[in-house]
Amino acid sequence: MERWLLALAPLIGLCVNCTVQPLVQHLRGRGRPAPSLAAGFLAGLGCTLALVAWASRGLAPLDRIGLLAIQGLSSAALGYGYFNFVNLNLASIRIRILKEVAQAGPEGLPTATLAALYDEERLAAGRLERMRAGGHLREEAGRYRGGKQTLVWIARVIELLKHLILGRGSRLRAPAE
């Protein structure tokens, strides 16, 4: 039995996940990342389970099942972390918009000001619509106001991590009235 392989199997699976996902996304071209994320996750999980099954071949059946279960769950947790890392990168502009709206305070940010901060109107319009549809932003009387605070809290944690790791925060422009 290769104990070192049992210990490293979920990490090797994560490496497979992190390799397969961008490769599949590149081959598919532009578009939603969900299929490539699923392909990467399944490839990483499959690799982990195959390695554990091979490395535990001398163990009793119940021990093998237990190892497969715990290493499968470990691989799934690592894959979930990678999924959220990719998804957070995809949501970064939406998070920046929400942060700017939050910095404007309870009076909100004028719609024209927010639109002026983002030159690519179609990009901003699509993201704003998704945030309105998701309940993260509300538009009232020509002003955007905050809704659900989930992404705002994520932005605050990221800002704190940037300060801790980089010694500085994001370089956001101050909203102008």
Side-chain angles (χ1 to χ4, degrees), residues 10-11 13-45 73-177:
L11 293 176
L14 177 62
C15 289
V16 169
N17 184 350
C18 295
T19 302
V20 169
Q21 185 274 322
L23 180 63
V24 169
Q25 185 67 29
H26 176 73
L27 293 173
R28 288 185 66 243
R30 299 186 73 140
R32 300 190 66 86
S36 66
L37 285 165
F41 175 80
L42 292 173
L45 181 62
L73 287 172
S74 296
S75 181
L78 290 170
Y80 181 71
Y82 179 71
F83 165 81
N84 282 295
F85 171 74
V86 171
N87 200 33
L88 190 57
N89 281 316
L90 295 172
S92 64
I93 290 178
R94 287 182 284 164
I95 291 170
R96 287 182 66 159
I97 290 171
L98 290 171
K99 189 172 181 181
E100 288 166 357
V101 170
Q103 286 175 342
E107 66 276 357
L109 187 65
T111 304
T113 301
L114 188 59
L117 290 174
Y118 294 91
D119 296 334
E120 299 175 349
E121 290 181 8
R122 286 185 341 181
L123 179 66
R127 288 192 165 120
L128 291 171
E129 182 54 40
R130 283 194 300 274
M131 287 189 292
R132 277 196 302 263
H136 298 285
L137 272 183
R138 297 174 297 150
E139 186 177 6
E140 299 171 358
R143 295 179 88 72
Y144 287 105
R145 303 195 189 289
K148 294 178 185 175
Q149 295 294 302
T150 309
L151 294 178
V152 174
W153 281 105
I154 291 170
R156 289 179 179 152
V157 169
I158 290 171
E159 189 76 15
L160 175 64
L161 291 173
K162 283 183 179 181
H163 277 290
L164 293 173
I165 295 168
L166 303 174
R168 63 170 174 78
S170 296
R171 296 180 182 153
L172 294 177
R173 297 173 293 236
E177 284 291 325

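Everything numeric in this text was worked out from a predicted model, so none of it was measured.
Scanning both residues, Ser36 and Gln21, for their nearest heavy atoms gives OG-NE2, 3.0 Å. Here the closest non-hydrogen pair linking Tyr144 and Val101 is O-CG1, 3.9 Å. Looking at every heavy atom in both residues, Val20 comes nearest to Gly40 through CG1-CA, 3.8 Å. Across Ala39 and Val24, no two heavy atoms sit closer than the pair CB-CG2, 4.1 Å. Shortest non-hydrogen contact noted between Glu139 and Thr111 is OE2-OG1, 3.9 Å. The shortest non-hydrogen separation linking Leu78 to Leu14 is O-CD1, 3.8 Å.
With rounding to the nearest 0.5 Å, the separation of CG in Asn17 from OG in Ser75 is 7.5 Å. If you take CG on Leu98 and CG on Leu109, they are separated by 11.0 Å, rounding to the nearest 0.5 Å. For the atom pair CZ (Arg143) and CD (Glu107), the distance works out to 7.0 Å, reported to the nearest 0.5 Å. Separating the CD atom in Gln103 from the NZ atom in Lys99 is a distance of 6.0 Å, to the nearest 0.5 Å. Distance check: Cys15 SG to Tyr82 OH gives 11.0 Å after rounding to the nearest 0.5 Å. Taken to the nearest 0.5 Å, the CG atom of Leu151 stands 4.5 Å off from the NE2 atom of His136.
Take Arg138 and apply the salt bridge (charged side-chain N to carboxylate O under 4.0 Å, His left out) test, not counting sequence neighbours, and it matches Glu140.
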